[in-house]
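Below is one structure, written out as structure tokens; comments come after it.
Computed from a predicted model, the values in this text were never measured in an experiment. Note that ligands are numbered from 1 as they come in the structure, with each ligand's atoms numbered from 1 the same way.
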Amino acid sequence: MQLDIGNALDSVATPGVSTDALDRLDDAVADAHETIAAGMSNARFGYASLNLPETTSAAGIERAVDSIDADAVLTVGIGGSALGAKTITAALGEANHFLLDNVDPEATNRLLDALDFESTAINVVSKSGTTAETLANFLVVRDAYEAAGVDWTERTVVTTGESGPLAELAAEEELPKLAVPDGVPGRFSALSAVGLVAPAILGYDIEAVLDGGREARDSLTESIDDCPAYAYGALAVALERRGVHTNAFMPYAEALEPFAEWFAQLWAESLGKDGQGQTPARALGATDQHSQLQLYRAGRHDTMVTLVRPTARDDREIPAVDVEGLAYLGDATLGDLLDAEFEATEASLAAADKPSIRVELDRVDEHGIGDLLVSFEAACIMAGELMGVETFTQPAVEWGKNAARGLLGGEETAEAAAVRDKREYRIE
Ligand SMILES: O=P(O)(O)OC[C@H]1O[C@](O)(CO)[C@@H](O)[C@@H]1O
């Protein structure tokens, strides 16, 4: 991954970061890198995520799914237990990887009606093994396979912790089971079985994904001058301290749209603490130039845009056309047009004094997506160190879970009682 922070500096943007501030940031990054490196070598909770490119066995995952013969995969999981796998397969252009990462009955009915169960593997993923949505969806899927007379036990692989309902089910049914690595929070686990089982079943080179991750991990140094991952994290924090509370994450590649969703969980769930944290906004280039850009250019000075693109991609000619005003298109390719849009959007933000950071990778392939995932994990960990927040937990999500469990009669909870005490002011 390469970075260009020129348009985040105060010579271009307001707010922007001065080169003096960059120097001070560099000192803080050097200190934080020491903590991160120590955390990696001691496999401390959270920091251990950055060891996954080394500790994950591609051969072990491939062996575990060897018995599963499928053309499609249905991943049943949510948040970090779904977004990493989706990011990897989407980046590789896979169309037959489906997610059940919500409990919308109409959408679930439509998806199950469309799937060919015979040729679709079931990839159930939950670190805790207790997530209501994932367990409910798995029970629904199992039931649907049975009703269709298709043996789900031959097509199911489970990735979960050592204990819990899913681990017990896998043992009972002798299903292939893989472990969520210890010390790795869900949103940082893409380069483990959590993110790699689905691409492995679909026949992708998961060792190459790990290789990209290794390159990113090896790029971690104590200075932002030669470490793109840390520089991204440090710049985002510096901009947030200057009032930039929204981070519009805008890849210029359709295959990276799920990556923007993965980034949103990583950034929000890791850094949204103690009254701090940027709001990640998902966008897609060039599409959202025609929907969101107006705001990013002419709205408050509280948003940065992260522009991501591959520098090499397959391309397609735009046919020549002898129509006044259109001829210029005929001499270009779709890739030329997309690159022109990328650079024009970047410059249009600068012309409006709005900060942006350019992120480039060579190609959206196994290596490229492995590199991006680990680079942004490291960027997030660095940002958490500089902000002084607890990066690796997500205590604020428990309230809602307790409330839902109470409302469904799982157990009486104070949160469920609070839901029932809602102050009503209806307008109909
Ligand atoms: O893998 P699990 O335990 O099912 O959790 C799924 C997701 O839910 C969360 O715990 C938030 O509720 C995320 O951190 C996690 O990625």
- Message: Quick test: of every protein heavy atom, which one is nearest to atom 5 (O) of ligand 1, and how far off is it to 0.1 Å?
- Response: Thr131 OG1, 3.5 Å

- Message: With rounding to the nearest 0.5 angstrom, report the CZ to CG distance, Arg241 to Leu25.
- Response: 7.0 Å

- Task: Look at atom 8 (O) of ligand 1 and find which of Gln265, Glu133, Lys401 reaches it with the closest heavy atom.
- Result: Lys401

- Message: Residue-level breakdown please: for Lys127 versus ligand 1, do any non-hydrogen atoms fall below 4.0 Å on the side chain, on the backbone, on both, or on neither?
- Response: both

- Start with the C-alpha distance between Thr246 and Asp302, add both sets of side-chain angles, then the distance that settles side chain to side chain donor-acceptor pair (under 3.5 Å), and finish with yes or no. CA-CA 6 Å; Thr246 296; Asp302 68 353; 4.8 Å; no

- Item | Part of Ile78 with heavy atoms under 4.0 Å of ligand 1, whether side chain, backbone, both or neither | both

- Query: Going by heavy atoms, is Glu398 under 4.0 Å from ligand 1?
  - Reply: no

- Would you say the side-chain atoms of Asp274 pair up with the backbone N or O of Gln276, donor to acceptor, closer than 3.5 Å? no

- Separation of Tyr47 OH from Thr35 OG1 (nearest 0.5 Å): 6.0 Å

- Item | Check: Lys354 side chain, Arg297 main-chain N or O, donor-acceptor pair, under 3.5 Å | yes

- Item | Carboxylate-amine/guanidinium proximity below 4.0 Å for Arg313 and Glu254 | no

- What's the shortest distance from atom 11 (C) of ligand 1 to any protein heavy atom, and which residue and atom give it? Glu269 OE2, 3.4 Å

- Option nearest atom 1 (O) of ligand 1 (shortest heavy-atom distance, choices Ser81, Gly79, Gly80): Ser81

- Note on the structure: heavy-atom search around atom 3 (O) of ligand 1 in the protein gives Ser128 OG, 2.7 Å

